[in-house]
Amino acid sequence: MTVTISCTVNGRQVVLETEPTSRLSDMLRDDLLLTGTNIGCEEGVCGACTVLVDGKSARSCLLLAAQCEGAAIETVEGLRDAGAPPTPAQAALHRHDAFQCGYCTSGFLMVIEEMMRANRVAPLAQAEVDDRLTSVLCRCTGYLPIRRAVRTLLDGDR
C-alpha cells in the first residue's frame, strides 16, 4: 500500500507515491535525490537532517512524509541555485572558519535561515540564538565560531 503526497519542495510542486511509514528524510534523499539533508542519528537528536516545513525548522527524520501533505518544504539545496554565489549565511560561516567536518552544516544552515527570517521581524537576543544553535549537534567546533558567524550575520541583517 502506498500514499500519494503532494507538497512543495524548494518552490517546486511535487507529487509522490510513497510508503505510509516513509520518513520525510527518506523522501527527500531517496525519492527526490536531495542529499544535502544529512542523516545522523535518525532519532531527532543531532539536527543534521533539519529542514524548514512551512517556514519552521523540523527534523526530517522524525516526520513521516505523509505528514507533509500540502506543506512547503525547504532544504539546503533550495537556499541557492547551483553555481550561484554563497548565501550570506554560507559566506559568514566560511569567513569565521565555522566548520571542520561539515556533516552538521546543512542542519545549521536551515536553522540560521529560520533565524534570519525571524530576526527581520524582531531582533533575536543572544540567548535565543544560542538556544536555536544548540538544536544542531556539532562535535568539531565547540560552537564558538558558529556563534560568532551567526551573530555578525544577524547584526547586519537588521
Side-chain angles (χ1 to χ4, degrees), residues 5-16 18 22-65 67-120 124 128-143 145-154 156-157:
I5 300 166
S6 177
C7 60
T8 304
V9 178
N10 297 331
R12 192 184 90 198
Q13 186 64 35
V14 172
V15 178
L16 289 170
T18 190
S22 179
R23 293 183 280 188
L24 176 58
S25 57
D26 298 327
M27 181 185 90
L28 294 171
R29 293 180 60 82
D30 300 339
D31 298 331
L32 299 176
L33 304 178
L34 296 171
T35 57
T37 300
N38 289 324
I39 306 302
C41 66
E42 297 188 74
E43 295 178 354
V45 176
C46 74
C49 69
T50 300
V51 297
L52 299 182
V53 178
D54 293 330
K56 302 289 183 191
S57 59
R59 304 287 167 74
S60 63
C61 73
L62 293 180
L63 280 175
L64 294 175
Q67 289 177 282
C68 297
E69 172 66 31
I73 300 163
E74 297 172 75
T75 70
V76 70
E77 291 92 346
L79 295 180
R80 71 181 184 111
D81 292 329
T87 66
Q90 290 168 329
L93 293 169
H94 179 52
R95 240 186 347 272
H96 289 271
D97 295 318
F99 292 108
Q100 291 175 30
C101 84
Y103 200 80
C104 59
T105 305
S106 61
F108 273 113
L109 284 168
M110 300 315 294
V111 169
I112 293 167
E113 179 65 24
E114 179 186 35
M115 281 194 283
M116 287 174 55
R117 293 175 187 179
N119 194 62
R120 289 180 191 122
L124 298 177
E128 185 172 359
V129 170
D130 292 345
D131 184 55
R132 290 181 185 213
L133 287 176
T134 58
S135 71
V136 180
L137 177 65
C138 177
R139 295 181 178 176
C140 300
T141 67
Y143 294 93
I146 299 168
R147 187 176 184 241
R148 279 192 297 272
V150 171
R151 188 75 262 163
T152 60
L153 179 65
L154 293 179
D157 189 44

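Everything quoted here is computed from the prediction, not taken from an experiment. These numbers come from the heavy atoms of this one structure, side chains and all, not from hydrogens, waters or symmetry mates.
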What are the two closest non-hydrogen atoms of [X] and [Y], and how far apart are they?
| X | Y | result |
| --- | --- | --- |
| Met115 | Val150 | CE-CG1, 3.9 Å |
| Phe108 | Cys138 | CE1-CB, 3.8 Å |
| Ala48 | Gly40 | CB-N, 4.5 Å |
| Val111 | Ser135 | CG2-OG, 3.8 Å |
| Ile146 | Ala98 | CG1-O, 3.3 Å |
| Arg139 | Leu137 | NE-CD2, 3.5 Å |

Distance-only donor-acceptor hits, side chain of residues 86-95, under 3.5 Å, sequence neighbours excluded:
unit_1	atom_1	unit_2	atom_2	d
Thr87	OG1	Gln90	N	3.1
Thr87	OG1	Gln90	OE1	3.4
Gln90	OE1	Arg80	NE	3.3
Gln90	OE1	Thr87	N	2.8

Leu124 backbone acceptor or donor facing Asn119 side chain under 3.5 Å: yes

Backbone of Thr8 reached by a side-chain donor or acceptor of Gln13 within 3.5 Å: no

Residues forming a ring pair (Phe, Tyr, Trp, His ring centres under 6.0 Å) with Tyr103, sequence neighbours excluded: none

Nearest-0.5 Å distance, [atom1] of residue [X] to [atom2] of residue [Y]:
| X | Y | atom1 | atom2 | answer |
| --- | --- | --- | --- | --- |
| Met116 | Leu109 | CE | CG | 10.0 Å |
| Ser22 | Leu63 | OG | CG | 11.5 Å |
| Ile112 | Leu133 | CD1 | CG | 6.5 Å |
| Thr37 | Arg59 | OG1 | CZ | 13.0 Å |

Tell me every residue that passes side-chain contact (heavy atoms from CB on, under 4.5 Å) with [X], counting only those two or more places apart in sequence or in another chain.
| X | answer |
| --- | --- |
| Asp130 | Gln126, Arg147 |
| Ser106 | Asn38, Val76 |
| Leu34 | Val9, Asn10, Leu28, Leu32, Thr75, Glu77 |
| Thr35 | Arg29 |

Among Val15, Thr18, Leu24, Asp31, side chain to side chain contact (heavy atoms under 4.5 Å, CB included) partner for Ile5: Thr18

Name of the residue among Cys49, Cys46, Cys104 meeting side chain to side chain contact (heavy atoms under 4.5 Å, CB included) with Val136: Cys104

Sub-4.5 Å side-chain heavy-atom contact between Cys68 and Ile73: yes

List the residues meeting side-chain hydrogen bond (donor to acceptor under 3.5 Å, both in side chains) with [X], not counting sequence neighbours, and say none if there are none.
| X | answer |
| --- | --- |
| Glu128 | Arg132 |
| Thr105 | none |
| Thr134 | none |

Pairs satisfying salt bridge (Lys or Arg N to Asp or Glu O under 4.0 Å), at least one member in residues 32-50, at least two apart: Arg23-Glu42

Chi angles and distances behind the side chain to side chain contact (heavy atoms under 4.5 Å, CB included) call for Ser6, Val14: CA-CA 6 Å; Ser6 177; Val14 172; over 6 Å; no

Pairing residues for Glu114 by the salt bridge (charged side-chain N to carboxylate O under 4.0 Å, His left out) criterion, not counting sequence neighbours: none

Candidate pair Val51 and Glu74, rule side chain to side chain contact (heavy atoms under 4.5 Å, CB included), full reasoning: CA-CA 6 Å; Val51 297; Glu74 297 172 75; over 6 Å; no

CA sep, side-chain torsions, deciding dist, call: Cys7, Met27, side chain to side chain contact (heavy atoms under 4.5 Å, CB included): CA-CA 12 Å; Cys7 60; Met27 181 185 90; 4.1 Å; yes

Side-chain donor-acceptor contact under 3.5 Å, Thr141 with Gln100: no

Worked verdict on Val53 versus Gln67 for side chain to side chain contact (heavy atoms under 4.5 Å, CB included): CA-CA 10 Å; Val53 178; Gln67 289 177 282; over 6 Å; no

